[in-house]
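What follows is a single structure, written as structure tokens, with notes after it.
Only heavy atoms go into these numbers, but all of them, side chains included; no hydrogens, no water, no symmetry mates.
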Amino acid sequence: MMKHKRLLTAVKTLAFLLIFVFLFGMVSSVFQPKWYTGNAETDVNDTYYECPKDSIEALFFGSSQIVHAIDTMELYQNYGIYSYVFGGSRNSILSNYYRFLEVLQRQRNVKSVVIDMSMVHNNDPAEDAAYRKSIALMRPSVYKYKAIWDYCRYVRTPENEDNSFLDMFTSYLFGLYNYHTRWNELDEVDFGGEHDRVLFNGFKFSNKIYTPVISYEKFLIENDKDVHPEWFFELEANYLNKLIEECQKRDIEILLIKTPKTSWDLEGYKYCQTVAEKYGIDYFDFNTDEYFKAADLDYQHDLYDKDHLNVRGAVKVTDYIADYLVTKKQYTDCRDKGYNTQETIEQYALKEQIAKMRTSFTAPMLLQSVPTQHTTVFIQSDGNVSAVWTKQCQEQLEALGIQTDITKLGNQNFLAVIDNGEVVYENSAADAFTYEYQVSKKQTMVFNCDGSESTAKLNKKTFSYRVNGLHFIVYNQIMQSTGNSSVLCDKDGKIAVRYESVTPE
């Protein structure tokens with residue numbers, strides 16, 4: 001009888017502990033911060049675990065530069081290579097080393113690893129906030145625990161007495177320990193609600209053109225003559241060596257790269273060259289004139305900001321690297337394996353078209369890039385562009401189904417609606433008019449067409465018309481959202497492209 005009671009007590013205790021661990025894990029995941037904006041570190045983790053086992057053959061590691069530079073769907077659709085990008089704001093080599101080891105447990109067909117070397121450029125691995133983003137959402141594994149252990153051991157120095165080793169280690173293991181005060185910030189997304197996934201196997205579309213403030217000659221690394229401080233951290237250098245050696249031990253092709261970055265310097269370039277020579281591997285630095293031109297990059301139009309590529313630059317760098325990779329390894333053509341769903345392919349195609357439209361820098365480029373699938377496109381005038389409207393622009397507009405001749409429009413009000421490639425409304429008039437179009441069950445676009453006072457609103461969002469011209473607003477039917485408006489305007493007597501932002505009311 002006593003033996004039976006002890007067994008029953010043991011079973012109850014075990015059951016209680018299992019339930020406690022389960023509930024603690026569930027609550028911790030709720031309180032864990034979700035990073036869906038910026039470089040979307042949460043999606044980097046979530047979407048990786050959705051990849052089929054043994055499907056990934058090319059891995060890319062880096063900080064935020066790699067997120068914007070490697071178009072994984074370009075690799076998939078044009079080269080048949082299924083790949084993944086692990087990047088994030090100020091990612092460290094330390095975290096990526098253990099991520100690499102973790103990935104190899106599920107992905108046994110990895111043939112190549114590409115590392116963007118921004119990670120070791122003045123990137124202090126002791127920066128807690130950045131390290132948490134790269135580690136926190138990894139699933140439990142021996143490699144996650146080693147990554148936490150090594151980080152805490154590195155940071156816990158005599159100069160850093162604020163936290164004990166145990167406190168730091170515990171805070172990384174259990175999100176609830178560190179983030180329990182988030183209770184009043186929780187929203188639907190924290191409980192598994194839908195959100196707009198901005199990444200495709202780690203790649204993010206960057207849909208803006210940055211005009212560099214320094215000349216191309218000063219941008220080139222071979223012209224750098226400034227004296228820079230200590231360049232890298234020894235810890236990061238050690239883990240870079242470990243990652244390279246692990247790849248070579250497993251016969252995985254490894255390539256070092258540096259995507260275009262105006263803050264790159266000569267010390268960084270020399271260090272990367274030294275590492276490449278030490279291990280007998282290649283290093284592509286797109287801050288050199290040789291590689292920048294080899295990839296056919298455009299310094300005035302292919303940057304998103306001073307340190308990141310936009311969508312047009314990303315395709316060029318991706319193609320250049322892919323052409324190299326296929327000469328080194330034989331990759332499986334995975335296009336017929338269904339690794340990417342039809343929904344993913346359609347979302348990518350739509351976001352690519354919208355991104356290319358918003359990175360157009362000539363009127364013909366913009367008109368050619370107007371998406372016609374899964375979108376509602378609104379074209380509204382609030383200024384006269386008739387005098388600068390070209391025959392080519394008119395032909396491209398007519399190819400979209402628009403009948404109005406812009407060269408004869410003058411100061412008349414104009415509005416057209418293209419729904420999934422079909423013109424469903426088109427009107428031009430000298431007098432002011434209003435028009436409403438329901439884009440979804442809960443969303444309606446409202447247009448007031450009144451010359452230079454014209455406005456457009458989507459529920460509580462207002463399109464800020466500060467530049468007079470012909471405005472293009474694209475509504476994404478899949479994501480049920482809009483972005484900035486593109487404007488064709490008169491600039492110095494020529495048709496030009498400008499962009500304006502959406503602002504809340």
Side-chain angles (χ1 to χ4, degrees), residues 58-71 75 81 83 85-87 91-94 96-97 100 110-123 216 219-224 226 228 230-297 299 302-303 307-309 313-314 316-329:
L59 290 170
F60 296 84
F61 293 101
S63 51
S64 59
Q65 281 75 33
I66 201 77
V67 174
H68 299 259
I70 300 299
D71 187 340
L75 286 170
I81 301 174
S83 60
V85 172
F86 288 100
N91 255 13
S92 70
I93 292 283
L94 169 59
N96 276 310
Y97 169 70
F100 168 66
V110 174
K111 293 181 170 65
S112 61
V113 167
V114 179
I115 302 174
D116 184 83
M117 295 298 285
S118 280
M119 283 189 294
V120 290
H121 183 213
N122 289 329
N123 187 26
Y216 176 67
F219 158 81
L220 293 176
I221 205 68
E222 49 261 50
N223 295 332
D224 182 27
D226 296 332
H228 301 278
E230 182 70 22
W231 193 82
F232 65 89
F233 288 85
E234 185 177 354
L235 180 80
E236 293 289 82
N238 289 339
Y239 278 93
L240 175 63
N241 293 339
K242 281 172 162 268
L243 205 164
I244 294 173
E245 289 164 7
E246 192 67 35
C247 285
Q248 292 185 330
K249 184 174 73 175
R250 297 171 182 265
D251 192 30
I252 295 174
E253 183 69 27
I254 187 158
L255 171 68
L256 306 182
I257 67 169
K258 182 65 225 74
T259 56
K261 180 178 181 178
T262 61
S263 58
W264 194 235
D265 59 53
L266 190 58
E267 276 77 8
Y269 172 77
K270 290 178 178 178
Y271 171 72
C272 296
Q273 285 281 56
T274 301
V275 174
E277 291 171 4
K278 173 183 177 181
Y279 289 103
I281 58 180
D282 288 324
Y283 170 55
F284 297 168
D285 195 319
F286 294 95
N287 289 263
T288 63
D289 189 57
E290 175 189 358
Y291 284 104
F292 196 90
K293 288 181 177 176
D296 196 29
L297 287 164
Y299 186 60
D302 287 346
L303 295 177
D307 291 336
H308 304 87
L309 291 167
K316 294 175 182 179
V317 167
T318 300
D319 285 344
Y320 187 84
I321 291 174
D323 288 340
Y324 168 85
L325 292 179
V326 296
T327 66
K328 297 293 183 177
K329 292 286 184 178

Nearest 0.5 Å please: distance from the CD1 atom of I66 over to the CD1 atom of I115. 9.5 Å
Do the side chains of I81 and V326 get nearer than 4.5 Å, heavy atoms only? yes
Report the distance from atom NE2 of H68 to atom CG of L309, rounding to the nearest 0.5 Å. 9.5 Å
Ignoring hydrogens and geometry beyond distance, is a side-chain donor-acceptor pair present between D296 and Y320 at under 3.5 Å? no
Measure from the side-chain N and O atoms of N287 to the backbone N and O of K261, and report whether any donor-acceptor pair falls under 3.5 Å. yes
Does a side-chain heavy-atom distance below 4.5 Å link I244 with I281? yes
May I ask you to decide whether R250 forms a salt bridge with E246, counting only side-chain N to carboxylate O separations under 4.0 Å? yes
The salt bridge (charged side-chain N to carboxylate O under 4.0 Å, His left out) partner of D251 among K328, K111, K329 is K329
Trace of the side chain to side chain contact (heavy atoms under 4.5 Å, CB included) decision for Y299 with K293: CA-CA 10 Å; Y299 186 60; K293 288 181 177 176; over 6 Å; no
Test Y216 against D289 for side chain to side chain contact (heavy atoms under 4.5 Å, CB included), laying out the working first. CA-CA 9 Å; Y216 176 67; D289 189 57; 2.6 Å; yes
With rounding to the nearest 0.5 Å, note down the distance linking CZ in F219 to OG in S263. 10.0 Å
Worked verdict on Y283 versus E277 for side chain to side chain donor-acceptor pair (under 3.5 Å): CA-CA 9 Å; Y283 170 55; E277 291 171 4; over 6 Å; no
Would you say that Y97 contacts N238 through its side chain, given a criterion of any heavy-atom pair below 4.5 Å between the two side chains? no
Heavy-atom side-chain contact between P260 and L297 under 4.5 Å: yes
Answer yes or no: is there a side-chain heavy-atom contact under 4.5 Å between F100 and K242? no
Is the side chain of Q65 donor-acceptor paired with the backbone N or O of H308 at a distance under 3.5 Å, no angle test? no
Just checking, is any N or O donor in the side chain of Y269 or Q273 under 3.5 Å from an acceptor N or O on the other one? yes
Separation of I221 CD1 from E290 CD (nearest 0.5 Å): 14.0 Å
Let me confirm one number: the OG1-CG distance from T259 to D116, rounded to the nearest 0.5 Å. 4.0 Å
OG1 of T262 to CG of L303: how many Å apart, nearest 0.5 Å? 7.5 Å
Do side-chain atoms of T318 reach the backbone of A69 as a donor and acceptor pair under 3.5 angstrom? yes
Walk me through whether V114 and I70 qualify under side chain to side chain contact (heavy atoms under 4.5 Å, CB included). CA-CA 10 Å; V114 179; I70 300 299; 5.8 Å; no
Might you work through the side chain to side chain contact (heavy atoms under 4.5 Å, CB included) test for L240 and Y271, ending with a clear yes or no? CA-CA 12 Å; L240 175 63; Y271 171 72; 3.8 Å; yes
How are the rings of F61 and F86 set relative to one another: parallel (under 30°), tilted (30 to 60°) or perpendicular (over 60°)? parallel
Got K316 and D302 here, is their nearest side-chain heavy-atom distance under 4.5 Å? yes
Indicate yes or no: at least one non-hydrogen side-chain atom of L235 is less than 4.5 angstrom from one of L94. yes
Regarding N96 and Y239, do their side chains bring together a donor and an acceptor under 3.5 Å, going by distance alone? no
Pair W264, D307: side-chain N/O donor-acceptor within cut-off below 3.5 Å: no
Between K258 and S118, which heavy-atom pair has the shortest distance, and what is it? CE-OG, 2.8 Å
Given 3.5 Å as the limit, does a donor-acceptor pair link the side chain of D282 with the main chain of L256, or not? no
